[in-house]
Trainee: 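Below is a structure I'd like to ask you about.
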Amino acid sequence: MQVTIRSLLTTCFVFSALLGAGAEATAATTPAQKEVESNPRGQILSLSCSSCHGTDGKSAGVIPSFYGKSPEYLETALKDFKTGKRYSTVMGRHAKGYTDEEIHLIAQYFGTVWQNNK
Amino acid sequence: MSHKISRRDFNKLLVTGVAGSALGIFGTIKPAFAAQKRVVIIGGGFGGASAAKYLRKLDPSIAVTLVEPKATFYTCPFSNWVLGGLRTMADIGQTYTALKSRHGVNVLVDSATGIDAAKATVTLKSGKVLHYDRLIVSPGIDFKWSAIEGYSEALSRTKMPHAYEAGSQTILLHKQLLAMKNGGRVIICPPGNPFRCPPGPYERASLIAHYLKAKKPKSKILILDAKEKFSKQGLFKKGWDTLYPGMIEWRSGPTGGKVTKVDAASMSVTTDFGVEKGDVINVIPPQQAGKIAFKAGLTDASGWCPVNPSTFESTIHPGIHVIGDACIAGAMPKSGFAASSQGKVAAASIIRLFQGKEPAPPSLVNTCYSLIGTDYGISVAGVYSLSPTGIIEVPGSGGLTPMDADADHLREEAMFAEGWYRNIAQDIWG
Ligand SMILES: Cc1cc2nc3c(=O)[nH]c(=O)nc-3n(C[C@H](O)[C@H](O)[C@H](O)COP(=O)(O)OP(=O)(O)OC[C@H]3O[C@@H](n4cnc5c(N)ncnc54)[C@H](O)[C@@H]3O)c2cc1C
C-alpha cells in the first residue's frame, strides 16, 4: 500500500470533518475503541508517552504520573514545558515536538482515557 | 451495562441524528465473531510485545498470537547496569504472564521457521502452522559473524562475548569482569553505523568503569571504535573525565580504532595501527535484521527491512509489518523505546486497516537514557513525524542533555533512567 503524505493529511482532515457529522459513531465494543474512533490522531500522538509515564499515564516510579488529570491541566502543563515556563530536564525537549493543536489532542486523549477505566 | 453517557458521547449523539445510528453509543452491536481478525506477531521483545499488548488493549476483538522462543526475555536496556554491579539478571528478566492472563494474548513458546506471504501463514519450529490476516515481525538483530576475521558465534560464547543480546552473553561478560585482575585491560569494540542502541557501548564502558574504579582501580578500558564519532560523545567524554579520569581511552576508526581481526589464543585484536592485547575483550560485531526477516525475503540490499513509514507495513510483502531494530525507520535510532513506539503505531494502524479506515499519520518518540555513574545520567530525546522523505525528527524538538547541566540535573536524569525502565517494562510486559 502506498500512502502519500498528501493523502494522509487529507485523510486526517476528512476524519475530523466526518467526526462532526457523527459518521464515526459506529458499533464501538469497548471504551478504548470509542476513544480511538473519536480521537485517532490524539491516540497516535499519545501512545508513546506511556513508555516513560506508564500505561495511560500511570507511573510506577519517580517519573510523574498524570493518570486522572483533566485535559485542561495537561494542556497547560505541556504548553508550559514547551515554552520553558515550567522547568524540566527532559520534558521540554519532547513538548517542543508538538504543535499547540497536537498538544490539545494529546491532552484530550490522556485527560479522558482514564475515565473509561472507571 | 452502564447507560451513563459521557460528554463526548453526548456530543456525538447530538450530531449523529437518525441516519448516524445511535445504537453504537450503547454498544449493542458487536462485530460478527466469524470475522474475527487474526494478528500473528513474531518476537516478544520491545517491538513485538508492545504491539501485542496494544492491539489487545485498543481492540479486544482481535485474536493476537505472539511467538517467542524465550520464556524469560532479558532486556538489553539495563544489562549494562548488570555489568556495573548495579542490577542483577533477575531485575532485567521479563515474562509473558501478564500478556497472557491480563491481556488475552495467545503466547506460544516457539520460534518461526518460515513465512509464506502468499498464503499468509507462519510455520513454527514445532511444526504448527499459523494463519494470519496481518503479521508483525519484530525479530531484532542478527550479527555479521564473518565481518571480523577470527571472530565467530562460537567464540562469542566462550572467550569474546558481544553481550549485545542480553541473557547468557551478559552473564559471560560479567563473569569475565569479575575474574579479571586489578590492573587488567578491558577492550570494547563497537561496530560502524547503523547498529542497535548507538549509545550502548559507551554506557557500557562507563558502568564497567564504575565497577573497576571501586574494585580494581588500576584497570583500564580501551574502546576501539569503527566509527569516527559516537552518540552523545561530548557528554560521555565529559562524564568520563569527571568520574573516571584516565581510565577510559577511546580511539576512532581513522586513528587505529577499526578492528579487522581477533585472535582468541593470544587474547588480542588487530587494527590498522597494530595489535592490542586485552584481559577481557568485548567484540560487538556489525549487524543486520534478524534471520527470519532474511528468510522471508523482507530485507533489501542494506540487510534491513524497508517499510511504509506510516504503518510499518513491508514495502516488499504487503500484509506483513516489520518493526523494531529490523526495520528501516528513517531518522529513528535502533532502540527499545523506538521499537515500542513503532509497535504501538503498527497496532493502531492495523486496527484502522481492519476497520477499512485510513491509518492516522504516525507520531513516534525516542528517549535513550545512559548512566555514566550512579548519580550521573544523560539522555537524547527525539519526536518523529512523517515527511515526504520518510520519518524525520520534528525540527526544533528533542536533543541532548545540555553540556552545562549541573549536578542536580544529572542526578534527576539518573533517577529518570530508572523510572523509565520500570515504566517501559510495565507498559510492554505488564
Ligand atoms: C547493551 C544495550 C543497551 C541498551 N539500552 C537501551 C536503552 O537504554 N534504551 C533503549 O531504548 N534501548 C536500548 N537498547 C536497544 C534495545 O535493546 C533494542 O533496540 C530493542 O531490543 C529492539 O527491539 P526489537 O523488538 O526490535 O528486538 P528485541 O527486543 O531483540 O526482540 C526480538 C525478539 O524476537 C525473538 N525472535 C527472533 N527471531 C525469532 C523467530 N524466528 N521466531 C520467534 N521469535 C523470534 C527473539 O527471541 C527476541 O526475543 C540497548 C541495547 C543494548 C545491546
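Not measured: the values here are computed from a predicted model.
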Trainee: Given the options Ile424(B), Leu410(B), Asn366(B), which has more heavy-atom pairs under 4.5 Å with chain A than any of the others?
Mentor: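 Maximum pair count with chain A is reached by Ile424(B).
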Trainee: Hey, is Asp56(A) close enough to Lys57(B) for a salt bridge, meaning N to O under 4.0 Å?
Mentor: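 Salt bridge present between Asp56(A) and Lys57(B).
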Trainee: Please find the pair of heavy atoms, one from Ala360(B) and one from Ile44(A), that lie closest to each other, and give the distance.
Mentor: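 The pair with the smallest heavy-atom distance is CB-CG1, 3.9 Å.
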Trainee: Which heavy atom in Arg41(A) sits nearest to a heavy atom in Pro361(B), and how many Å separate them?
Mentor: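 Here Arg41(A) and Pro361(B) meet closest at NH1-O, 2.7 Å.
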Trainee: Heavy atoms only, distances under 4.5 angstrom: which of Glu393(B), Glu413(B), Gln426(B) has the most pairs with chain A? Name it, please.
Mentor: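 If we count pairs closer than 4.5 Å to chain A, Glu413(B) comes out on top.
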Trainee: Calculate, to the nearest 0.5 Å, the distance between atoms CG and OG belonging to Leu105(A) and Ser363(B) respectively.
Mentor: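 Answer for the CG-OG pair, Leu105(A) versus Ser363(B), is 10.5 Å.
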Trainee: At under 4.5 Å between heavy atoms, what parts of residues 81-94 of chain A are in contact with chain B? List them by residue number.
Mentor: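 Checking residues 81-94 of chain A against chain B gives Tyr87(A), Thr89(A), Val90(A), Arg93(A), His94(A).
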Trainee: Could you tell me the separation between the CD1 atom of Ile63(A) and the OH atom of Tyr421(B), rounded to the nearest 0.5 Å?
Mentor: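 Rounded to the nearest 0.5 Å, the CD1-OH separation comes out at 14.0 Å.
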Trainee: What part of Tyr369(B) is in contact with chain A, defined as an atom under 4.5 angstrom from a non-hydrogen atom: side chain, backbone, both or neither?
Mentor: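 Contact with chain A: side chain only.
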Trainee: Of the listed residues (Leu400(B), Val394(B), Ile428(B), Asp408(B)), which shares the most heavy-atom pairs with chain A below a 4.5 Å separation?
Mentor: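 Among the listed options, the one with the most contacts to chain A is Leu400(B).
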Trainee: Tell me whether the count of non-hydrogen atoms from other residues, nucleotides or ligands lying under 6.0 Å of NZ in Lys58(A) goes above 12.
Mentor: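 Result for NZ/Lys58(A): open.
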Trainee: So which part of Val380(B) gets closer than 4.5 Å to some heavy atom of chain A, the side chain, the backbone, both or neither?
Mentor: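 Backbone only.
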Trainee: Of all the heavy-atom pairs spanning Arg422(B) and Gly61(A), show the shortest one and how long it is.
Mentor: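 What the structure gives for the nearest pair is NH1-CA, 4.0 Å.
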Trainee: Verify, without hydrogens or angle tests, whether Asn423(B) (side chain) and Ala60(A) (backbone) share a donor-acceptor contact under 3.5 angstrom.
Mentor: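 Judged by distance alone, yes, a pair lies under 3.5 Å.
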Trainee: For chain A, which candidate among Gly336(B), Ser397(B), Ala381(B), Gly399(B) shows the most heavy-atom pairs at distances under 4.5 Å?
Mentor: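 Option with the greatest count: Ser397(B).
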Trainee: Who in residues 47-54 of chain A is close to chain B, using a strict under-4.5 Å heavy-atom cut-off?
Mentor: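 Only Leu47(A), Ser48(A), Ser50(A), Ser51(A), Cys52(A), His53(A), Gly54(A) of residues 47-54 of chain A have a heavy atom under 4.5 Å from chain B.
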Trainee: Under a 4.5 Å heavy-atom cutoff, which of Val345(B), Leu364(B), Thr401(B) has the most pairs with chain A?
Mentor: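 That would be Thr401(B).
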Trainee: Among Ala405(B), Ser379(B), Ser340(B), Pro402(B), which residue forms the greatest number of heavy-atom pairs with chain A at distances under 4.5 Å?
Mentor: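 The candidate making the most pairs under 4.5 Å is Ser379(B).
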